[in-house]
2 protein chains.
Amino acid sequence: MNHVAERAGVSLKTVSRYVNGETNIAPELGERIAAAIAELGYRRNLAAASIRPGQASRLIGLIISDLANPYYSALAAAAEQEVMAQGYVLVVSSSTDDIARYDHLVSRLVEQRVDGLIIVPPRGGHDRIDSDSLLSPAVFLDRPPLSGGADCVLADNRGGARSAIEALLNGGLRQVAFLSDSLEVFTIRERWLGYLETMACHGVDPVSLPNWTGAHSREEAKAGAIRLLQETEVEAFFTANNRATLGALEAMQETGIQRPIIGFDDFESASLIGGGISVVRQPVEEMGRAAAQMLLAKMTRETSQQQQVVLPTELVLRGSEAR
Amino acid sequence: MNHVAERAGVSLKTVSRYVNGETNIAPELGERIAAAIAELGYRRNLAAASIRPGQASRLIGLIISDLANPYYSALAAAAEQEVMAQGYVLVVSSSTDDIARYDHLVSRLVEQRVDGLIIVPPRGGHDRIDSDSLLSPAVFLDRPPLSGGADCVLADNRGGARSAIEALLNGGLRQVAFLSDSLEVFTIRERWLGYLETMACHGVDPVSLPNWTGAHSREEAKAGAIRLLQETEVEAFFTANNRATLGALEAMQETGIQRPIIGFDDFESASLIGGGISVVRQPVEEMGRAAAQMLLAKMTRETSQQQQVVLPTELVLRGSEAR
DNA sequence: CTGAAAGCGCTAACAG
DNA sequence: CTGTTAGCGCTTTCAG
């Protein structure tokens with residue numbers, strides 16, 4: 001910047017004003033500065049600009065479970081779009097639901113002085129460092145912090161589960177099994193509660209496998225579904241996440257035993273599989289956008305109240321609920 | 001840091017040494033510093049640390065087409081994993097294949113002083129600012145820069161297309177149609193060339209729609225497929241990207257006219273649709289990892305030669321090539 | 001092993 | 001409208 005100033009024959013500060021888009025600069029000086037910048041190939045250093053207190057880094061941190069999972073990357077994409085429109089850029093990182101890694105990422109992003117944080121807390125979680133000690137505003141997404149009491153954006157997991165179970169039960173099915181990832185995950189736990197409630201409400205017992213602790217992968221879900229098909233009287237599946245749905249479908253394909261199914265989370269080719277797979281669709285884009293908007297608002301307005309936004313899910317019936 | 005030094009009764013520099021993990025510190029001072037840090041809740045400021053020349057920001061920029069597309073998010077995830085292992089964090093941004101937006105993102109990341117850049121250049125592209133004027137090392141991923149001559153990691157798009165067309169043709173099919181996104185995209189163009197070559201080699205003419213310019217979305221692909229089904233004698237589809245494959249499948253489902261098909265890009269539920277959809281699988285993880293490794297190498301070693309890595313694709317036959 | 005001084009690239013406060 | 005001065009939080013000489 002000094003070189004630019006010299007070359008343009010103005011002071012450092014005038015260059016600073018110019019690159020910051022301040023308007024009170026004589027047009028002629030502006031032109032001289034522009035020329036000097038072009039000749040010197042000058043690029044401003046945003047990192048240097050941001051170290052002064054009160055100055056922003058224009059970086060937003062995002063911690064999700066796994067960028068390779070389309071559900072989280074869709075959340076990330078929605079948040080990115082929103083944040084980018086305000087001139088921010090996203091620092092994305094995957095915790096892989098590992099607590100140590102999550103802690104490390106939080107520190108890393110705080111030390112990088114991101115202006116705000118959007119966080120999907122890891123399964124299990126822990127009470128310390130949740131929304132405190134962050135020194136920049138944070139919004140939780142998809143799952144609330146364990147300690148509660150923080151801004152967050154969630155889907156109506158329980159209600160979504162209820163709607164799915166209702167649909168199955170109303171179709172005359174009774175032995176509806178719940179299949180999914182571990183109950184350590186908030187969203188899964190909520191869906192499980194929705195399942196239990198609705199089953200109880202209709203006076204039927206939940207269908208379960210002895211010693212079953214949840215499937216972390218599609219393969220494990222498939223194995224679980226096969227056992228359900230062979231060891232129980234299962235009449236229908238409620239698969240509480242994407243991978244579980246695909247695993248169950250694979251299991252049915254492999255065993256040749258078809259059962260009605262409704263899955264949580266919509267997916268790209270749900271309408272193309274076996275006449276159409278019914279799902280509970282989460283408002284993924286809205287969720288990502290809402291979290292970003294909430295964060296942006298928090299970053300500007302001091303006074304904003306804590307809020308919990310719960311977005312409704314939508315039951316998309318494609319036929320598999322009764323086939 | 002000053003406060004910490006004061007409280008610990010040491011100099012600023014000693015604290016700096018401590019937080020940088022330098023070993024030449026008296027154990028006792030180290031303890032006093034640690035205590036002071038804890039009491040004060042001190043967090044170091046990485047942005048401030050990085051402004052000194054020769055210091056790194058530990059930020060890697062990644063520009064892709066669209067984070068919401070599972071193909072790109074898988075690339076991003078692979079790169080992230082690799083880069084994170086070396087203590088870097090990824091700044092991810094979507095160009096949406098828009099040239100103006102792409103240019104803006106490049107500047108933004110350069111001005112943020114990322115230590116390196118992994119770039120999927122936008123469709124169409126342009127000759128200026130490709131790998132030059134970047135002031136940090138860059139590696140191109142999925143598509144080479146228009147100007148050529150830069151490190152990049154690609155899939156063997158043409159070879160992959162050839163293998164798919166061979167499989168179709170060897171099955172006795174002749175009228176194989178090519179359906180996909182616009183030829184402005186490098187990868188699509190390559191696949192198109194592979195298609196043309198192989199068709200010519202077998203002495204058959206390409207099947208095409210008059211005035212067709214490519215499908216940007218699944219819906220457009222579906223519409224194109226329907227027209228092909230109704231207006232031509234198409235006997236099989238080669239769909240040159242994910243969205244085109246899904247669109248074609250939808251078209252066949254809707255019209256009830258089944259045709260053999262092979263798609264470029266594997267997808268989550270390819271084995272669950274209609275007995276299994278055959279695809280040309282790209283080594284997505286390897287590509288993301290390779291780009292990250294190449295960049296990291298470039299960032300440390302000065303002398304590294306420019307290299308182009310072309311990773312092989314794999315033809316995964318699931319039955320749809322002859323059904 | 002430790003510290004004092006200088007300065008990275010930039011912006012804020014205050015003159016002119 | 002423009003420039004001067006100070007200083008953000010840190011690291012790097014270079015002396016002890």
Side-chain angles (χ1 to χ4, degrees), chain A residues 1-37 40-59 87 89 107-115 135-136, chain B residues 1-37 39-59 87 107-115 135-136:
Chain A
M1 202 176 232
N2 252 318
H3 297 159
V4 173
E6 245 171 60
R7 177 142 194 154
V10 300
S11 82
L12 179 63
K13 179 61 199 175
T14 307
V15 179
S16 170
R17 288 205 176 90
Y18 177 84
V19 300
N20 277 70
E22 292 175 33
T23 49
N24 48 348
I25 295 180
E28 195 208 317
L29 291 194
E31 281 165 33
R32 293 223 305 267
I33 293 172
I37 287 179
L40 263 29
Y42 165 79
R43 301 311 228 111
R44 64 188 306 217
N45 184 331
L46 257 25
S50 75
I51 71 171
R52 187 160 277 265
Q55 287 290 109
S57 64
R58 311 243 93 190
L59 252 27
V89 98
S107 307
R108 180 67 166 73
L109 294 177
V110 166
E111 296 188 341
Q112 194 79 51
R113 293 298 190 273
V114 295
D115 294 334
L135 65 80
S136 43
Chain B
M1 203 176 232
N2 251 318
H3 297 160
V4 172
E6 247 171 59
R7 178 142 195 154
V10 298
S11 84
L12 179 62
K13 178 60 200 177
T14 306
V15 180
S16 170
R17 287 206 178 90
Y18 178 84
V19 301
N20 277 65
E22 292 175 34
T23 48
N24 49 346
I25 297 181
E28 194 208 315
L29 291 194
E31 281 165 32
R32 292 223 305 270
I33 294 172
I37 288 179
E39 286 161 27
L40 263 30
Y42 166 79
R43 301 311 228 110
R44 66 188 306 218
N45 184 331
L46 256 24
S50 75
I51 71 171
R52 185 160 279 264
Q55 287 291 108
S57 63
R58 311 244 93 191
L59 254 26
S107 309
R108 181 65 166 73
L109 294 177
V110 166
E111 297 188 341
Q112 195 78 50
R113 292 298 189 274
V114 294
D115 294 333
L135 65 83
S136 42

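All chains are named by letter (A, B, ...) in the order of the sequence lines, taking the proteins before the strands, and each is independently numbered beginning at 1.
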Calculate the interatomic distance between [X] atom [atom1] and [N] atom [atom2]; express it in whole Å.
| X | N | atom1 | atom2 | result |
| --- | --- | --- | --- | --- |
| Glu22(A) | dT11(C) | CD | P | 9 Å |
| Arg58(B) | dC10(D) | CZ | P | 17 Å |
| Tyr18(B) | dT2(C) | OH | P | 13 Å |
| Arg17(B) | dC14(D) | CZ | C1' | 11 Å |
| Glu6(B) | dG9(D) | CD | C1' | 15 Å |
| Leu29(A) | dT2(D) | CG | C1' | 8 Å |

Thr14(B) side chain near dG3(C) phosphate (N/O to OP1/OP2, under 4.0 Å): yes
What are the two closest heavy atoms between [X] and [Y], and how far apart are they?
| X | Y | result |
| --- | --- | --- |
| Met1(A) | Val19(A) | CE-CG2, 3.7 Å |
| Tyr18(A) | Gly30(A) | CE1-O, 3.6 Å |
| Ala47(B) | Ile51(A) | C-CG2, 3.9 Å |
| Asn2(B) | Leu12(B) | N-CD1, 3.9 Å |

Exercise: do Asp115(A) and Ser57(A) side chains pair donor with acceptor under 3.5 Å: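 Their side chains do contain a donor-acceptor pair, which is all the 3.5 Å distance test asks for.
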What are the atom names and distances for every N/O pair under 3.5 Å that joins the protein to nucleotides 7-10 of chain C?
residue: dG7(C); atom: N2; partner: Arg52(B); partner atom: NE; Å: 3.3
residue: dG7(C); atom: N2; partner: Arg52(B); partner atom: NH2; Å: 2.4
residue: dG7(C); atom: N3; partner: Arg52(B); partner atom: NH2; Å: 2.5
residue: dC10(C); atom: OP1; partner: Tyr42(A); partner atom: OH; Å: 2.7
residue: dC10(C); atom: OP1; partner: Asn45(A); partner atom: N; Å: 2.8
residue: dC10(C); atom: OP2; partner: Met1(A); partner atom: N; Å: 3.4
residue: dC10(C); atom: OP2; partner: Tyr42(A); partner atom: OH; Å: 3.4

Worked verdict on Arg43(B) versus Glu111(A) for salt bridge (Lys or Arg N to Asp or Glu O under 4.0 Å): CA-CA 6 Å; Arg43(B) 301 311 228 110; Glu111(A) 296 188 341; 3.4 Å; yes
